[in-house]
Amino acid sequence: MMTQDNASAKASSSGNGSGSLPGGTENVAPTTRKDWASDQEARWCPGCGDYSILTAMQLLLPEIGARRESTVFVSGIGCAARFPYYMSTYGVHSIHGRAPAFATGLAIARPDLDVWVIVGDGDALAIGGNHLVHALRRNVNITILMFNNQIYGLTKGQYSPTSVQGKVTKSTPFGSLEVPFNPISLALGAEATFVARTHDMDRKHMMEMFRRARQHRGASFVEVYQNCNVFNDGAFELVTGRAVRSSNLIPLVHGEPIRFGEAGEKGVATCKEGGLCIVDVDASTEDQVLVHDERREDPSIAFQLSRLARGPFEPTPIGVFRAVDHQDYGAGVDFQIAEAKSHADADDLAALLRSASTWSVR
Amino acid sequence: MTASSLGAHTTKELDRVVIRFAGDSGDGMQLAGDQFAAVSAAFGNDLATFPDYPAEIRAPAGTLAGVSAFQVHISDHDILTPGDKPDVLVAMNPAALHANVGDLAPGATLIVNADSFDERALAKAGYESDPLADGSLKHLVVYEVPMTSMTLAACKKTGAKPRDAERSKNFFALGLISWMFTRPTEGTIAWIAKRFARMAQVAEANTLAFKAGWNFGETAELFASNYEVAKAHLQPGTYTNVTGNTALAWGIIAAGQLSGLPVFLGSYPITPASDILHELSKRKSFGVRTLQAEDEIAGVGSALGASFGGALGVTTTSGPGLDLKSETIGLAVSLELPLVIVDVQRGGPSTGLPTKTEQADLLHAMYGRHGESPLPVIASKTPSGCFDAAIEAARLAVKYRTPVVLLSDASLANGTEPWRLPEIESLSRIDPNFATEANHVDEDGKKEFWPYLRDPVTLARPWAVPGTPGLEHRIGGLEKLAGAGTVSYDPANHEEMVRARAAKIAAIAADIPLAEVDDPHPAGSSRVLVLGWGSTYGAIAAGVRRVRARGKCVAHLHLVHLNPFPPNLGDVLARYPVVLAPEMNLGQLSRLIRADYLVDVRSVSKVMGVPFKAAEIEAAILDALEDPDVGSPGGDGPPESAETAETSEATGSLGGAVAVEAGA
Ligand code: SF4
């Protein structure tokens, strides 16, 4: 279900952090997909999964009544990071790994903006890992979309922090020795308040995840399985391929039992040894199936869900793992500022300069 | 309590005195010294201070590594430095004595806490025999005062445990020195009450110890006299005593108000810059947003992000942090957005000397980025000057849409001086001049916004902030097409953009003050120009005064703008046969001057983690003047009055500096 949520939680109309900014944004006409496309021709490889993500975004934003002037796309470096150039919004193509840091300052200074952060797996998890986890931990009001293609595309095919062990690439000719990150587990471990996964083969699902992520006030993290058809083709085929999707993608729907398979014949349940396991659902096991609760404060079940698959080659959950309301960092800052400003002469500079002991010379 | 009321002592007048409080880093020497300075400032002396403390928070007690010292120079005339040599050293333990005694000239006064001179403490401090007994201090006037036991006796009635009461001994020392220099006591007693308001017992113990120290001076027939240092004749106005870090933080707040831009500080804690973060974090009532970032990179990254959003983005750091920020500063050069980067320099390379001062980041600030990435560099020359320097950095950043590096250093950061407060109304406004409408018409007659269409005068690009309808645009670190700002790999365009960025920064020369030389001598009579920048100002100016007091001519120019240089700098340099450049590095300004003006600058280097002494500058100038290459020593000018010259003769002992006996 798509809903109109122009007054979204991401772009609050409540406070403009900057006192002297020009421009009013009232009563703008509805927009169409065309309005959101910039005049730059997208230059990803033909067949790249990035195209479908871009389309999903360009369809979503007009649909939910977002405003171009208050939307900012911030990216790092990599194939994914070209994204802002193709949106006719404000945009910054920043530095490899640093997009969450740049966006953090922007979002704190401007709580009225809708700040999207577009990063890849190398960008977000290798060179920018530190910024990612801290942006999530602080719950800065930004929406992070991490395009995970399990490879370095722009630099032409080296393994990434999400590449599977044994992966043969230009820089691992004998196979990668490294244990990959599980981005969802990492985000949950970093105290993220909104964590979701989607994939580039399902536009409707992507749009729904992006909409939910934007609606969440605070840091949202969405992992997008994205096919790099040049350097890592088919990395997610075993779970996202049309033929296998129903048996290998586990849709997470809040309040619903977690079931999958052509006829919902499989389910996720708590196993006897603890942890989660996949069970065949029948009359005897039906009530053991876990009911998904994305609002659960304790992230441990969400974490267990993130560990259900060892990689995108066995049944893998997609959807919202966690969505809990915590105060976002910028709101906390604004609250403290409002409180401090409420005192008389709060911003009297002359008084500040005289706040230590002073003396007069005549 | 006045010294003369009891008539037991004579009171002598001094024109100036340098006192160093030294003890273990847990002994509260910084606090005692700072309060002595505050009381002296309020009394009306001119003063300068130099805190010197170890990098370790608590080095092993009683060791040389753990010694912390605070030097304060007070005078009845305007002074420029914290003083070369202490006239009075207060040493709370053998290690403090050992670490500092070498700086004392014969005849200087030494006051030691005699209780701390036991065998163990002596051994820890590296003494093989007791210096109080072995005659090694014969050249000094030594007072052995049992500070610990007298503090314990004084604090007995508070009921504090001896271990706690003992901690008030710094206040005993402060009381004694306050008596010795006839400081008013009310201010300190009131300050103790306020500072320790939440710890009644500590407040009481400190007050009792302070009074005991004072009374000891007054009643013990140990001291033949105490001293007065009269008020200085300072310019009329309201004064406060300020450190460079505080002045800098206030300058940033002022710049926010003058520009109407909300301040955003992204910073990561680092010595000696952290106090700027602390001060700004307190000032939320001014709308200041501060973020203690996860690292130095995020500190500057978040600041640049805030600038993109229309804030005044600021980041503060020291050398190692500047290394890490280089990449983002390069992005700021490319994005052409306002950004202020404050580098409070310390000894390097690497972790180096975190609490000690140095000026060795100048070339880093100038060139520490890949590619051609010029930016303005300015440096404060005094602690209070950090206020103006911060406003100037913000002005250049906003007006020219550029990152600006503002250089301070450890000695400015923590050093204090009386500051005549500016009238807020006298400060010039900074116009952010946001873009509000399209600035270009395309072939089809459609209005559009070109983010890199430069202002013909400032060469700055328009600053369009998100939230402005119709001006949506995308920018990034990739090379941009001149004007339109879209990505461009065109060879000729790249050259055009590289040159445009350089020209923009170079053109700032027309918008900064001309270099003003301090040269009171008839034209042509000064053969030597001393060229400095940053915190060496005080030492150079004092050294120059000393040379002039000898009847010799010398000129002094101190640069605040280091990139671009003032437009008349070349002309000024050409007027002097010899240019002497004292720097706390191996000659970084010298290289820039040589490169830009083909002037054979003589570099005077000191890289010991401590500031130049006036005497060292004096010696360097005299040396240059004696050099036959300098030509005729030329027109010896009239000597400056010895009173305003911080002459070397006047340092070293209280006896030597006595001008008049006021007597009892
Ligand atoms: S290299 Fe891979 S990720 Fe990059 S544009 Fe080409 S297909 Fe897409």
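Below, chains carry the letters A, B, ... as their sequence lines are ordered, and counting in each starts from 1.
Interface residue A:Arg68: backbone and side-chain heavy atoms are both found under 4.5 Å from chain B. For A:Ala103, no part lies near chain B; criterion is any non-hydrogen pair under 4.5 Å. Only the side chain of A:Gln40 comes within contact range of chain B, judged by heavy atoms closer than 4.5 Å. Neither the backbone nor the side chain of A:Asp345 has a heavy atom closer than 4.5 Å to any heavy atom of chain B. Within the 4.5 angstrom heavy-atom criterion, atoms from both the backbone and the side chain of A:Val92 approach chain B. Only the side chain of A:Tyr329 comes within less than 4.5 Å of a heavy atom of chain B; its backbone N, CA, C and O stay farther away. Using a 4.5 Å cut-off between heavy atoms, A:Ser94 contacts chain B through both its backbone and its side chain.
For the pair A:Val361 and B:Gln235, the minimum side-chain heavy-atom distance is 4.5 Å or more. Within the 4.5 Å cutoff, no side-chain heavy atoms of A:His134 are placed close to those of B:Asp295.
Classification of the A:Tyr90-B:Phe308 ring pair by plane angle, with boundaries at 30° and 60°, yields perpendicular.
Residue B:Asn241 holds its CG atom at 5.0 Å from CH2 of A:Trp359, rounded to the nearest 0.5 Å.
The backbone N or O of B:Gly309 lies less than 3.5 Å from a partner atom in the side chain of A:Arg110, making a donor-acceptor pair. The backbone N or O of A:Ser88 lies less than 3.5 Å from no partner atom in the side chain of B:Glu472, so there is not a single donor-acceptor pair. With hydrogens and angles disregarded, no donor-acceptor distance shorter than 3.5 Å links the side chain of B:Ser302 to the backbone of A:Gly105.
When the heavy atoms of residues 76-86 of chain A are compared with those of chain B, the residues falling under 4.5 Å are A:Arg82, A:Pro84, A:Tyr85, listed by number. Along residues 249-258 of chain B, the residues that come nearer than 4.5 angstrom to chain A, judged on non-hydrogen atoms, are B:Trp250, B:Ile253, B:Ala254, B:Gln257 in order of number.
B:Lys284 and A:Glu339 are not joined by a salt bridge, as no carboxylate oxygen comes within less than 4.0 angstrom of a charged side-chain nitrogen. The existence of a salt bridge linking A:Asp347 and B:Arg283 is excluded, since no basic side-chain nitrogen approaches an acidic carboxylate oxygen closer than 4.0 Å. Ion pair A:Arg138/B:Glu294 flagged as a salt bridge, since at least one NZ, NE, NH1 or NH2 atom sits closer than 4.0 Å to an Asp/Glu carboxylate oxygen.
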